[in-house]
Amino acid sequence: MLRKSFLPPIPEFELAASLLAQAADALIANELHLCEKFIREADLRALREFSYLVTGPINPKIHRQSKNPVYDPIPKNKLPRMPNAEVTKKIFLRDGYRCRFCGSRVILKQAQKKFISLFPNAARWGKTNEDKHFGLSTITASIDHIIPYKRGGTNDKNNLVTACGPCQFGRNQWLLEEVEIEDPRNHAPIMDDWDGLARIIKYKFQS
């Protein structure tokens, strides 16, 4: 039976998004101590544990595979691995800044970097997964190729969707049918007032 994602998102996905949204609003209001507080609260270990289940060792119950895919790489003639910034921005906007697989709200990479640069202690970002802020690392938006790049997928916008960290990195180079995940393009994206925290990207510190 097909499913929308490897695992349904846990409540901490929504909690982290809400806390980081409050952090963004506090930042805009120049309430820096409050902003830092919300960032710390969004560092939810449950998200790291969830991510490890999906992106860690292959688990047949989760991935419905027992080993990595075997395939003949398709020559790309030096085509870019990822879309450019303009296309990426349009994909995130088209998808309502939500993971097209599990439906979770995601935040833009630029917003993540803004928090890290302004609040390096709260928005910790070390070299290992354990040293990275669990909320920021899990729900930051990425671009996923429906047909993986190494298996012939292109950067055509119809082959690209927005994904959260686990949905993006859990699939490796498997095709959707190989892991029994439904094509997310079969469902319209969720559109509401969520902006992926784009509102803080141009924020400048107010002394």
Side-chain angles (χ1 to χ4, degrees), residues 5-24 26-27 32-33 35-69 80-83 85 88 92 97-145 148-150 161-174 179 181 196-198 200-201 203:
S5 57
F6 288 106
L7 293 172
I10 56 177
E12 283 79 3
F13 274 79
E14 183 62 24
L15 178 57
S18 295
L19 287 167
L20 292 174
Q22 292 179 76
L27 182 62
L32 303 186
H33 290 295
C35 177
E36 185 170 16
K37 170 181 176 293
F38 288 131
I39 293 173
R40 290 186 185 279
E41 290 178 359
D43 193 7
L44 300 162
R45 169 156 288 280
L47 292 175
R48 167 62 184 147
E49 295 171 353
F50 178 94
S51 296
Y52 185 75
L53 289 175
V54 178
T55 65
I58 297 172
N59 183 335
K61 292 183 178 179
I62 295 174
H63 302 96
R64 301 186 181 174
Q65 291 286 338
S66 59
K67 58 184 179 181
N68 287 319
R81 171 69 178 81
M82 296 298 294
T88 297
F92 290 155
Y97 305 100
R98 290 178 182 266
C99 176
R100 290 293 297 275
F101 294 98
C102 70
S104 298
R105 292 189 290 174
V106 293
I107 68 170
L108 295 173
K109 184 78 170 180
Q110 299 95 317
Q112 177 207 76
K113 289 182 177 180
K114 180 70 69 173
F115 284 143
I116 293 171
S117 66
L118 293 174
F119 305 96
N121 292 325
R124 57 194 183 87
W125 204 257
K127 294 182 179 180
T128 70
N129 289 329
E130 277 293 318
D131 295 330
K132 290 180 170 62
H133 186 285
F134 302 134
L136 293 174
S137 60
T138 302
I139 70 167
T140 292
S142 60
I143 292 289
D144 188 60
H145 293 77
Y149 177 83
K150 290 186 178 180
V161 292
T162 303
C164 67
C167 287
Q168 159 73 14
F169 297 107
R171 189 154 66 95
N172 197 342
Q173 303 301 325
W174 286 305
V179 289
I181 288 180
L197 306 191
I200 70 168
I201 291 175
Y203 169 87

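For this chain, numbers begin at 1 and follow the sequence in order. Note that the structure is predicted; figures quoted are calculated from it, not measured.
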Checklist outcome for this item: Taken to the nearest 0.5 Å, the spacing of K67 NZ from W174 CH2 works out to 11.5 Å
Next on the checklist: Using 0.5 Å steps for rounding, measure from the CG atom of N121 to the CD1 atom of I116.
Outcome noted: 12.5 Å
Checklist entry - Which pair of non-hydrogen atoms, one from R98 and one from G103, has the smallest distance, and what is that distance? => result NH1-O, 3.3 Å
Next on the checklist: Quick one, W125 and Q112 - any side-chain contact, counting heavy atoms below 4.5 Å?
Outcome noted: yes
Checklist entry - Any donor-acceptor pair under 3.5 Å linking the side chain of S117 with the backbone of K114? => result yes
Next on the checklist: Does any part of the side chain of D144, heavy atoms only, come nearer than 4.5 Å to the side chain of C167, both counted from C-beta?
Outcome noted: no
Checklist outcome for this item: The reported gap from NZ in K109 to OG1 in T88 (rounded to nearest 0.5 angstrom) is 12.5 Å
Checklist entry - Hey, are the side chains of L53 and N59 touching, using non-hydrogen atoms and a 4.5 Å cut-off? => result no
Checklist outcome for this item: When rounded to the nearest 0.5 Å, the distance separating NE2 of H133 from CG of L47 is 9.5 Å
Item to check | Atom of S104, atom of P9 and distance for their closest heavy-atom approach | outcome: OG-CB, 3.5 Å
Item to check | Set of residues satisfying side chain to side chain donor-acceptor pair (under 3.5 Å) with respect to K37, sequence neighbours excluded | outcome: E41
Checklist entry - Is there a side-chain contact (heavy atoms from CB on, under 4.5 Å) between Y97 and I107 once you walk through the steps? => result CA-CA 7 Å; Y97 305 100; I107 68 170; over 6 Å; no
Checklist entry - Quick one: does F101's side chain get under 4.5 Å of V161's, heavy atoms only? => result yes
Item to check | Closest approach of F134 to L44 (non-hydrogen atoms, all atoms of both residues) | outcome: CB-O, 3.2 Å
Next on the checklist: Between L20 and I139, does the side-chain contact (heavy atoms from CB on, under 4.5 Å) criterion hold? Intermediate values first, please.
Outcome noted: CA-CA 10 Å; L20 292 174; I139 70 167; 3.9 Å; yes
Next on the checklist: Within the structure provided, determine whether F115 and C35 are in side-chain contact (heavy-atom separation under 4.5 Å).
Outcome noted: yes
Checklist outcome for this item: Heavy atoms of T138 and S51 approach each other most closely as OG1-OG, 3.5 Å
Checklist entry - So which heavy atom on A111 is nearest to which on I201, and how close? => result N-CG1, 4.2 Å
Checklist entry - What residues, two or more places apart in sequence or in another chain, satisfy salt bridge (charged side-chain N to carboxylate O under 4.0 Å, His left out) together with R81? => result none
Item to check | Q168 vs C99 side-chain heavy atoms within contact, under 4.5 Å | outcome: no
Checklist entry - Is T55 reaching over with its side chain to a backbone N or O of P166, donor-acceptor style, under 3.5 angstrom? => result no
Item to check | Approximate separation, where rounding is to 0.5 Å, of T140 OG1 and Q110 CD | outcome: 10.0 Å
Item to check | Verdict with supporting geometry, N68 and Q173, side-chain contact (heavy atoms from CB on, under 4.5 Å) | outcome: CA-CA 8 Å; N68 287 319; Q173 303 301 325; over 6 Å; no
Checklist entry - Is a donor on one side and an acceptor on the other found under 3.5 Å between the side chain of H63 and the backbone of V54? => result yes
Checklist outcome for this item: One should read off an interatomic distance between F13 CZ and S18 OG, to the nearest 0.5 angstrom, of 13.5 Å
Checklist entry - Is a side-chain N or O of K132 found less than 3.5 angstrom from the main chain of R124, in a donor-acceptor match? => result no
Checklist entry - Which pair of non-hydrogen atoms, one from I10 and one from A46, has the smallest distance, and what is that distance? => result CD1-O, 3.5 Å
Item to check | Close side-chain approach of R45 and R48, heavy atoms under 4.5 Å | outcome: yes
